[in-house]
Amino acid sequence: MEAIQSIEDMYQNMKSALKDVVPDVELRYKAELAVEINRLKKEKNAVILGHNYMEPALYFSIPDFKGDSLELSRQAAQTDNSIIVFCGVKFMAETAKIINPGKTVLLPSRKAGCSLAASITADDVRQLKAKFPGVPVVTYINTYADVKAESDICCTSGNAVAVVESLKSDTVIFIPDEYLAKNVARETGKHIIFPGTNPGSTYTDTSLDYQMIGWKGRCEVHEKFTVGDIEAVRKQFPDVVILAHPECSPEVTSASDFSGSTSAMIRYIEKTAASRYLLLTECDMGDNIAAANPDKEMLRLCSVRCPHMNQITLEDTLKSLQNNQYVIEVPEEIRVRAVKSIERMLAIG
Ligand code: 13P
Ligand code: SF4
């Protein structure tokens, strides 16, 4: 069995990555928490999955696997451990549970939701399907299990275009992120409509020129970025390379140099030679990239922090392992329908 790192070694490792990001007094305390989490993790045969948005001290100390939603879903599908602790938000932990009904899946905070997942209900999807009979439903992974259960296939920001193209259908329902849908519509050359916003449309008229049917959900973090932000930063730093998550508006992604999932943005920065970057996404990811790439300067518009991802701390992750909390449950009749949409997505590659 692999030895548990000493507190001093953990502190030194964290310090070498995070000395410019986390104050020293905090680092020592966080190193102690991280060592105890790693000890308990082994004792309980748990695996920790950490989303790229986790705060730096957590991100650099306890996850066995880090990544975007797609990569973490794949890890969840492959793990042999009996407990999965998800350092991310509820829809991610729920996805892990849907794929692993026999395992215990823990989410360290009850408050780690998501504005996109909260923007649509299973009943909304049933109504859309009634309005557009036979049209396949592509559902962003940022949704809850009952919504996935009504869907044909899931997607993430990392594979949305490939998923839509895989359906070989003239028309798709794409829910619930308005901006991701518009970005995918642009990339796939499809025309998108939003039911309820097209006056006079009955939505059952198949002669209408629609190919994607969207929903007006928004990410409360990414909707805040504007083209004005980009112009102001480019004026001050003409050499800056700008990256935007596809949950940003299509105007913002068009005005950026690159748009992709959180891991795609990390890889892009790692392989690009420029010295200065602006990230239009959750702030802590900028700190994590800066820590891993000290030669690159990360500009951030840091009023923008995800209040849900922010709930996951080292303290609560320790309590999660100590007290087996908070256990994610998905009713079996919903799970068996939801898992099909996730497995179909994972099969796409
Ligand atoms: P990724 O799948 O790109 O990691 O995005 C998840 C998310 O919630 C972005 O806000
Ligand atoms: Fe949801 Fe946006 Fe937070 Fe991602 S950043 S978890 S989409 S609210």
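Remember, it's 1-based here, ligands and their atoms both numbered in the order they're listed. Treat the numbers as computed from the prediction; the structure is a model and nothing was measured.
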Output yes when the distance from some N or O of ligand 1 to some N or O of [X] is under 3.5 Å, and no in every other case.
X      : value
Ser261 : no
Glu247 : yes
Asn52  : no
His51  : yes

ask   = Under 6.0 Å from the CG atom of Asp239, do we count more than 12 heavy atoms belonging to anything else shown?
value = yes
Under a 3.5 Å threshold, yes or no: a donor from one side chain and an acceptor from the other, between [X] and [Y]?
X      : Y      : result
Glu71  : Gln75  : no
Asn183 : Thr253 : yes
Thr79  : Asn81  : yes
Glu32  : Tyr11  : no
Thr272 : Tyr277 : no
Asp68  : Ser261 : yes
Glu251 : Ser249 : yes

query = Which ring pair (Phe, Tyr, Trp, His ring centres under 6.0 Å) pairs, counting each pair once, include a residue from residues 242-263, with sequence neighbours left out?
reply = His222-His245, Phe258-Tyr268
Nearest protein heavy-atom contact for [atom]: which residue, which atom, what distance?
atom                   : value
atom 5 (O) of ligand 1 : His245 NE2, 3.3 Å
atom 2 (O) of ligand 1 : Ser69 OG, 2.7 Å
atom 8 (O) of ligand 1 : Asn142 ND2, 3.3 Å

request  = Under 4.0 Å from a heavy atom of Asp68: give me the atoms of ligand 1 that qualify, with their elements.
outcome  = 1 (P), 2 (O), 4 (O)
key: Contacting atoms of ligand 1, where contact means under 4.0 angstrom from a heavy atom of His222   =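 Counting atoms of ligand 1 from 1, those under 4.0 Å from His222 are 10 (O).
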key: Met92 to Ser69 - nearest heavy-atom pair and separation   =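 Scanning both residues, the minimum pair turns out to be CE-OG, 3.6 Å.
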Proximal protein heteroatoms (N, O or S) of atom 2 (Fe) of ligand 2, under 2.8 Å =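 Per the 2.8 Å query on atom 2 (Fe) of ligand 2, atoms found are Cys219 SG.
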request  = For ligand 1, note which part of Ile141 has a heavy atom under 4.0 Å away: side chain, backbone, both or neither.
outcome  = neither
inquiry  = Applying a heavy-atom cut-off of 4.0 Å, say which part of Thr156 lies close to ligand 1: side chain, backbone, both or neither.
reply    =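 Neither part.
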ask   = Is the closest basic N to carboxylate O distance between Glu178 and Lys182 below 4.0 Å?
value = yes
